[in-house]
Amino acid sequence: LATTPCTAKWEAARDEEFAHHYELTWTSQSGSKTVWIMSDYYRNPKPDDMMKTWEYSLGAFPAGTYSATLVAVDPWGKSSAPVTTQFTVEQAEPVDPGTLPDAYVNLDFDGTMRDANGKVSITNFGGSVTSANVTVGGMSRSVPAFVTTSKTSYALCQFKEFTSAESMKSLMAGGFTVEAFYVDKDKSDGQTRGVVCGTEYGGWGLAETKDRMPYLIVGDGARNTYKSVYATSAASASELTHVVATYDPSSSKLTIYINGALQATSSFSSTFFPGEGDAFNRFCLGADVTNGNKGTHYPSSSMVIADAKIYTTALNATQAALAFDKAKKDLGF
């Protein structure tokens with residue numbers, strides 16, 4: 001059943017003092033749900049310094065008409081008049097399971113490092129955007145790539161359209177896939193490496209264990225609580241390895257594919273929990289992000305990333321194989 005992620009957005013309440021919290025209730029296909037959202041009064045004692053707008057991910061909805069009601073509550077427990085609205089979700093266009101959908105983020109390393117779709121901004125911290133000699137299936141050629149050159153080099157990426165932790169949930173609500181075509185040659189200290197990774201007490205990340213096993217890790221329901229799925233075969237130390245890792249709320253499954261072939265699945269039980277602080281909408285190439293906009297966790301001093309994409313849907317097995325074939329073709333293999 002095709003679904004569409006929905007997000008509630010509203011202007012901050014005005015009062016003689018400030019709004020202590022908001023009560024948001026909405027109907028969905030599974031009934032009515034109410035959440036209590038604490039305002040930021042504890043961080044900004046002056047009302048003028050508090051957030052001016054708020055948003056909250058409601059999850060993914062099939063086509064239909066729904067309603068949402070918002071109430072603001074002041075520090076003394078006095079409630080505002082409720083504001084109710086109806087919203088209609090149009091029938092989402094189903095994706096042909098035999099074709100590869102367009103990527104939401106499509107990173108390009110040809111001459112400069114950019115997202116071809118303009119969905120993320122990228123800052124290079126000491127890495128090299130260069131023509132790198134890589135091998136696939138025993139064949140070698142030179143391709144555009146991002147290369148880390150030390151344990152302090154990485155690229156920091158930031159989503160432009162998701163400006164709060166709650167809005168990041170809307171990206172995950174309908175499913176999520178991260179794809180990478182890379183080789184990590186740095187294993188001298190036997191540590192975990194971030195490949196396309198944004199975890200800080202939550203969030204999501206594609207990484208590689210000290211034994212070269214690619215895995216997907218996702219924040220699951222609460223701070224510092226994660227679910228993961230691990231590949232059952234190691235990535236190459238010399239050739240590019242193609243990884244597709246998916247987060248699928250419709251089946252509560254994490255899945256990982258290596259070079260177009262299914263490796264493993266794992267279950268999760270809760271909803272996506274975004275990264276903490278300013279890490280909520282950021283991720284790194286060649287490392288993992290930390291609060292404070294740094295890529296100092298799980299770095300690699302010698303990682304080559306020739307392709308990286310993010311999809312706003314969970315790719316199936318056919319699509320994972322298509323993504324592998326396309327990645328090879330795009331690089332000339």
Side-chain angles (χ1 to χ4, degrees), residues 105-116 120-136 140-159 178-201 203-217 230-231 234-243 245 258 275-310 327 331:
V105 172
N106 184 5
L107 300 185
D108 183 357
F109 309 113
D110 193 1
T112 60
M113 183 163 47
R114 68 187 184 93
D115 171 21
V120 300
S121 60
I122 310 172
T123 305
N124 185 2
F125 288 88
S128 179
V129 182
T130 186
S131 184
N133 190 56
V134 298
T135 302
V136 175
S140 297
R141 69 184 312 271
S142 189
V143 303
F146 174 70
V147 181
T148 61
T149 55
S150 72
K151 289 186 178 179
T152 59
S153 64
Y154 59 93
L156 179 67
C157 305
Q158 181 178 0
F159 289 101
V178 56
E179 174 189 354
F181 210 7
Y182 76 99
V183 57
D184 181 22
K185 301 177 181 180
D186 179 8
K187 287 294 173 182
S188 58
D189 57 1
Q191 298 295 314
T192 297
R193 309 293 186 197
V195 182
V196 183
C197 204
T199 64
E200 177 71 356
Y201 298 104
W204 58 274
L206 175 60
E208 192 178 278
T209 71
K210 63 180 182 180
D211 300 317
R212 297 189 178 279
M213 299 296 187
Y215 69 98
L216 175 67
I217 181 170
Y230 291 84
S236 174
S238 57
E239 291 200 4
L240 292 181
T241 295
H242 185 266
V243 182
I258 303 295
E276 188 169 79
D278 51 17
F280 74 89
N281 68 347
R282 293 171 171 85
F283 62 93
C284 287
L285 305 180
D288 185 24
V289 73
T290 66
N291 199 355
N293 303 333
K294 297 180 179 179
T296 53
H297 283 179
Y298 313 125
S300 170
S301 64
S302 185
M303 182 178 292
V304 179
I305 300 177
D307 186 30
K309 295 182 177 70
I310 294 171
L331 293 179

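The model shown is predicted, which means the values in this text are computed figures rather than measured ones.
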| task | Grab the two heavy atoms, one from Ala132 and one from Ala145, that are nearest each other, plus how far apart they are. | result | CB-CB, 4.0 Å

| message | If I compare all heavy atoms of Pro299 with all of Ala287, which pair ends up nearest, and what's the gap? | response | CA-CB, 4.0 Å

| query | Say you draw a straight line from SG of Cys157 to CG of Asp115; how long is it, rounded to the nearest 0.5 Å? | reply | 8.5 Å

| So how far is it from Arg193 CZ to Asp288 CG, rounded to the nearest 0.5 Å? | 13.0 Å

| query | Taking atom CG of Asn106 and atom CZ of Arg114, what is their separation to the nearest 0.5 Å? | reply | 8.5 Å

| remark: Minimal heavy-atom distance between Gly205 and Cys197, with the atoms involved, is CA-SG, 3.6 Å

| How long is the span from the OG1 atom in Thr112 to the CG atom in Asp110, to the nearest 0.5 Å? | 7.5 Å

| task | Kindly indicate whether the side chain of Arg282, heavy atoms from C-beta on, has any atom under 4.5 Å from the side chain of Glu200. | result | no

| query | Tyr154 vs Phe125 aromatic rings, parallel, tilted or perpendicular, using cut-offs 30° and 60°? | reply | parallel

| Any donor-acceptor pair under 3.5 Å linking the side chain of Asp278 with the backbone of Gly292? | yes

| said: Check this for me: Tyr298, atom OH, are more than 12 non-hydrogen atoms of other residues, nucleotides or ligands nearer than 6.0 Å? | reply: no

| Flag side-chain contact, heavy atom, 4.5 Å: Leu285 against Met113 | yes

| said: To the nearest 0.5 Å, what is the distance between OG1 on Thr192 and CE on Met213? | reply: 12.5 Å

| field | Asp186/Met303 under side-chain contact (heavy atoms from CB on, under 4.5 Å): CA gap, chis, key distance, verdict | value | CA-CA 7 Å; Asp186 179 8; Met303 182 178 292; over 6 Å; no

| message | Strictly distance-based, threshold 3.5 Å: is any side-chain N or O of Ser236 a donor or acceptor partner for the main-chain N or O of Val183? | response | no

| field | Val105 and Phe159, any side-chain heavy atoms less than 4.5 Å apart | value | yes

| With a 4.5 Å limit on heavy-atom distance, are the side chains of Val243 and Tyr182 in contact? | yes

| query | Do the side chain of Thr148 and the main chain of Ser300 share a donor and acceptor less than 3.5 angstrom apart? | reply | yes

| message | Ignoring hydrogens, what is the shortest heavy-atom contact between Gly126 and Thr149? Give both atom names and the distance. | response | O-OG1, 3.0 Å

| remark: Scanning both residues in full, the closest heavy-atom pair of Ser153 with Gly127 reads CB-N, 3.7 Å

| task | Could you walk me through whether Ile122 and Phe146 pass side-chain contact (heavy atoms from CB on, under 4.5 Å), step by step? | result | CA-CA 12 Å; Ile122 310 172; Phe146 174 70; over 6 Å; no

| request: Output all residues satisfying side chain to side chain donor-acceptor pair (under 3.5 Å) with Thr296, sequence neighbours left out; order by chain, then residue number. | output: none

| field | Residue pair Val120 / Phe283, side-chain heavy-atom distance below 4.5 Å | value | yes

| task | Check whether any side-chain heavy atom of Leu240 lies under 4.5 Å from a side-chain heavy atom of Thr135, and answer yes or no. | result | no

| task | Please state whether the rings of Phe181 and His242 are parallel, tilted or perpendicular, taking 30° and 60° as the class boundaries. | result | perpendicular

| query | Is the OH atom of Tyr201 crowded by more than 12 outside heavy atoms at less than 6.0 Å? | reply | no

| query | Does Asn133 reach the side chain of Ser140, with side-chain heavy atoms less than 4.5 Å apart? | reply | yes

| said: Can you pull out every side chain to side chain donor-acceptor pair (under 3.5 Å) where at least one residue sits in residues 123-132? Sequence neighbours excluded, please. | reply: Ser131-Ser142

| message | I need the Asp184 CG to Ile305 CD1 distance, nearest 0.5 Å. | response | 9.0 Å

| task | Check whether any side-chain heavy atom of Pro214 lies under 4.5 Å from a side-chain heavy atom of Ile258, and answer yes or no. | result | yes

